[in-house]
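The model shown is predicted, which means the values in this text are computed figures rather than measured ones.
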Amino acid sequence: MRRWWPGFVALSAIWGASFALIKVAVDAGVPPVWVALWRSLLGAATLWAVLLLRGERAPRDRALWGHSAVVAVLLNTVPFTLFSFGETRVSSVLAGVLNATTPLFTLLFTVLTVPEERHPGARRLAGLGLGFVGVLTVLGVWRGLGPGAGAGALACLAAACCYGAGFAYLRRFLSGRPESVTTLSAVQITCATAELAMVAPLAAGAPHWPGGSAATALLVLGALGTGLAYLLNLGLVRTAGTAVASAVTYVMPLWSTALGAALLAEPVGWNALAGGVLVIAAVALTRPPRTPAAAPAPSGTPAPSGRAVRTTSAAPGGATRRPAG
């Protein structure tokens, strides 16, 4: 535990803080699409710097770049913009709790697209239902939502839905690639940067200096939250396994709630706390059941596919490289 605990805390804190950092940027007047572009650009620069230090080269496989462009739309370009837009209407606390529904959407899309997951079982289906109740509790639907808050909350849920679809696509087309997770992450974030660079000037005009606080928030959000956090996630998987790495999902809402309340003075209603607990319990129910560990293969025996077994970073529902916010 001493080996992986610092990385676990650091990763959950970085991803949990993403929502407060987004809030600082949008409150300073940075358009949502530019928040998404700056965090992608800074994240890509960080990952390519790491690749250069490691001596790795950019892949030239067109299929890899094509699939990565699709994944970037679903895991970066659209959800980064949606969360930023959502936080112009709702608090970072609410956005962080709604982000916790990502594994529920991941399971839903996985069941629909992955043949071996077509029968999720009663426990996981109950988890999806409980998650739905948790979302309604977080939103406080019994008292109604204002038009602005409703649009912001729906944008955050749509972003989490995009994450779910992206993870299912990634699992089907990229999870078995031979490239390192760092390389795949760099390619994906680079595609997102290119996509957003084409859209941002048309949608929101030229960028402007938002002030020191917002610029610092964007720098941390991009370099740490969209760059180094991917490497922390990979290191956590390698030292503690995918079960521990996926548990970051449970801790992130605690960070986002605490930071939103302490640093931004955002109110935390009882329904947000109660709904967050229900969502986290639902995520626990939807995790796949444990299977007995296979007996170790004799020395020199290849993996079933004939390749060496490669460790990749994972998230709940079998997804890899989970972003936040």
Engineer: Give the C-alpha distance, both sets of side-chain angles, the deciding distance and a yes or no for side chain to side chain contact (heavy atoms under 4.5 Å, CB included) between Tyr230 and Val181.
Structural biologist: CA-CA 9 Å; Tyr230 281 87; Val181 173; 6.0 Å; no
Engineer: When rounded to the nearest 0.5 angstrom, what distance separates CZ in Arg39 from OG1 in Thr81?
Structural biologist: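 Reported to 0.5 Å precision, the distance equals 9.5 Å.
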Engineer: Is the shortest side-chain heavy-atom distance between Val26 and Ile22 below 4.5 Å?
Structural biologist: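 The answer is yes; the side chains approach within 4.5 Å.
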Engineer: So which atom in Leu196 and which in Pro201 form the shortest heavy-atom distance, rounded to 0.1 Å?
Structural biologist: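 Looking at all heavy atoms of both residues, the closest pair is O-CD, 4.3 Å.
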Engineer: With clusters defined by side-chain heavy atoms of hydrophobic residues (ILVMFWY) lying less than 4.5 Å apart, directly or transitively, does Leu174 cluster with Leu51?
Structural biologist: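 No: no chain of side-chain contacts under 4.5 Å links Leu51 to Leu174.
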Engineer: Taking side chain as C-beta onward, heavy atoms only, is Pro253 less than 4.5 Å from Ile280?
Structural biologist: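 Side-chain contact under 4.5 Å: yes.
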Engineer: Taking Glu266 for its side chain and Ala261 for its backbone only, find out whether a donor-acceptor pair lies under 3.5 Å.
Structural biologist: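 No; zero donor-acceptor contacts below 3.5 Å.
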Engineer: Can you tell me if Thr101 uses its side chain to pair, donor with acceptor, with the backbone of Leu98 under 3.5 Å?
Structural biologist: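 Confirmed, Thr101 side chain pairs with Leu98 backbone.
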Engineer: Is a side-chain donor or acceptor of Lys23 paired with a backbone partner of Gly260 at a separation under 3.5 angstrom?
Structural biologist: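 Flag not set: sc Lys23 to bb Gly260 has no pair under 3.5 Å.
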Engineer: Taking all non-hydrogen atoms of both residues into account, name the closest pair between Leu42 and Leu218 and its distance.
Structural biologist: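 Result for this residue pair: CD1-O, 3.4 Å.
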Engineer: Is there a side-chain contact between Leu219 and Leu224 (heavy atoms, below 4.5 Å)?
Structural biologist: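 They are not in contact (no side-chain heavy atoms under 4.5 Å apart), so the answer is no.
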Engineer: Just wondering, are more than 12 heavy atoms of other shown residues or ligands nearer than 6.0 Å to CH2 in Trp48?
Structural biologist: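 Yes, because the 6.0 Å sphere around CH2 of Trp48 holds more than 12 heavy atoms from other groups.
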Engineer: Within the structure provided, determine whether Pro32 and Thr88 are in side-chain contact (heavy-atom separation under 4.5 Å).
Structural biologist: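 The answer is yes, as the side chains (C-beta and beyond) meet within the 4.5 Å cut-off.
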Engineer: Ignoring hydrogens and angles, state whether a donor on the side chain of Glu195 or Thr77 is under 3.5 Å from an acceptor on the partner side chain.
Structural biologist: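 Yes, side-chain donor-acceptor contact under 3.5 Å.
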Engineer: Show your reasoning for whether side chain to side chain contact (heavy atoms under 4.5 Å, CB included) applies to Leu264 and Asp27.
Structural biologist: CA-CA 11 Å; Leu264 304 178; Asp27 282 353; 6.0 Å; no
Engineer: Could you list the residues that satisfy ring-ring contact (aromatic ring centres under 6.0 Å, His included) with Tyr169, not counting sequence neighbours?
Structural biologist: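 Tyr169: ring-ring contact (aromatic ring centres under 6.0 Å, His included) contacts with His67, Phe173.
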Engineer: Does one side chain, of Gln188 or Ser68, offer a donor that lies under 3.5 Å from an acceptor on the other?
Structural biologist: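 Ser68 and Gln188 do not have a side-chain donor-acceptor pair below 3.5 Å.
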Engineer: Any side-chain heavy atom of Thr183 within less than 4.5 Å of one from Pro59?
Structural biologist: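 The answer is yes; the side chains approach within 4.5 Å.
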Engineer: Is there a side-chain contact between Phe85 and Val35 in this structure, where contact means two heavy atoms from C-beta onward sitting under 4.5 Å apart?
Structural biologist: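 No - every pair of side-chain heavy atoms lies 4.5 Å or more apart.
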Engineer: Starting at CG of Leu231, measure out to OG of Ser185 and round the result to the nearest 0.5 Å.
Structural biologist: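 Separation between the atoms: 7.5 Å.
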Engineer: Would a 4.5 Å heavy-atom cut-off, applied to side chains only, mark Trp209 and Val30 as touching?
Structural biologist: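 Result no, sub-4.5 Å side-chain heavy-atom pair not found.
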Engineer: Any chance you could measure Phe109, atom CZ, to Tyr163, atom OH, to the nearest 0.5 Å?
Structural biologist: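 The distance works out to 14.0 Å.
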Engineer: Is there a donor-acceptor contact under 3.5 Å from the side chain of Ser18 to the main chain of Ile14?
Structural biologist: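 Side chain of Ser18 to backbone of Ile14: a pair is present.
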Engineer: Rounded at 0.5 Å granularity, tell me how far CG in Leu108 sits from SG in Cys161.
Structural biologist: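 Nearest 0.5 Å value for the CG-SG distance: 7.5 Å.
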Engineer: Is it possible for you to say whether Phe80 and Phe167 belong to one hydrophobic cluster, with membership spreading through side-chain heavy-atom contacts below 4.5 Å?
Structural biologist: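 Yes, it is one cluster - the side chains of Phe80 and Phe167 are joined through contacts under 4.5 Å.
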Engineer: When you compare the side chains of Thr182 and Glu56, does any donor N or O come within less than 3.5 Å of an acceptor on the partner?
Structural biologist: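 Side-chain D/A pair, Thr182 to Glu56: absent.
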Engineer: Between Ile189 and Ser40, what is the shortest heavy-atom contact and its length?
Structural biologist: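 Taking every non-hydrogen atom into account, CG2-O, 3.2 Å.
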Engineer: Specify the closest pair of heavy atoms between Ser256 and Phe19, including all atoms of both residues, with the distance to one decimal.
Structural biologist: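 Ser256 and Phe19 have their closest heavy atoms at CB-CD1, 3.8 Å.
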Engineer: How long is the straight-line distance from OG of Ser12 back to CG of Leu232, given to the nearest 0.5 Å?
Structural biologist: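 With rounding to 0.5 Å, CG (Leu232) is 10.0 Å from OG (Ser12).
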Engineer: Cluster question for you: counting only ILVMFWY and a side-chain heavy-atom cut-off of under 4.5 Å, with indirect links fine, are Leu82 and Leu157 together?
Structural biologist: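 The answer is no; the residues belong to distinct hydrophobic clusters.
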Engineer: Please test Cys156 against Val90 for side chain to side chain contact (heavy atoms under 4.5 Å, CB included), starting from the C-alpha separation and ending with a verdict.
Structural biologist: CA-CA 9 Å; Cys156 293; Val90 299; 4.2 Å; yes
Engineer: Would you check if Trp15 and Asn233 make a side-chain contact, meaning some heavy-atom pair closer than 4.5 Å?
Structural biologist: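 They are in contact (side-chain heavy atoms under 4.5 Å apart), so the answer is yes.
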Engineer: Can you confirm whether Trp34 is buried at CH2, in the sense that more than 12 heavy atoms of other residues, nucleotides or ligands lie under 6.0 Å from that atom?
Structural biologist: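 Yes - once you tally the heavy atoms of other residues, nucleotides and ligands closer than 6.0 Å, there are more than 12.
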Engineer: Looking at CG of Leu130 and CG of Leu104, how far apart are the two atoms once the value is rounded to the nearest 0.5 Å?
Structural biologist: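 The CG atom of Leu104 is 8.5 Å from CG of Leu130, to the nearest 0.5 Å.
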Engineer: Let me check something: do Trp38 and Leu228 share a hydrophobic cluster, defined by ILVMFWY side-chain heavy atoms less than 4.5 Å apart, either directly or through other members?
Structural biologist: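 Same cluster: Trp38 reaches Leu228 through Ile, Leu, Val, Met, Phe, Trp or Tyr contacts under 4.5 Å.
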Engineer: Is it true that Leu75 and Met198 fall in one hydrophobic cluster, defined by side-chain heavy atoms closer than 4.5 Å?
Structural biologist: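 No.
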Engineer: Taking all atoms of both residues into account, what is the closest heavy-atom pair of Ala229 and Leu11, and its distance?
Structural biologist: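 Scanning both residues, the minimum pair turns out to be O-CD1, 3.4 Å.
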Engineer: Using every non-hydrogen atom in the two residues, find where Val78 and Cys162 come nearest and quote the distance to one decimal.
Structural biologist: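 For Val78 versus Cys162, the nearest heavy atoms are CG1-SG, 3.6 Å.
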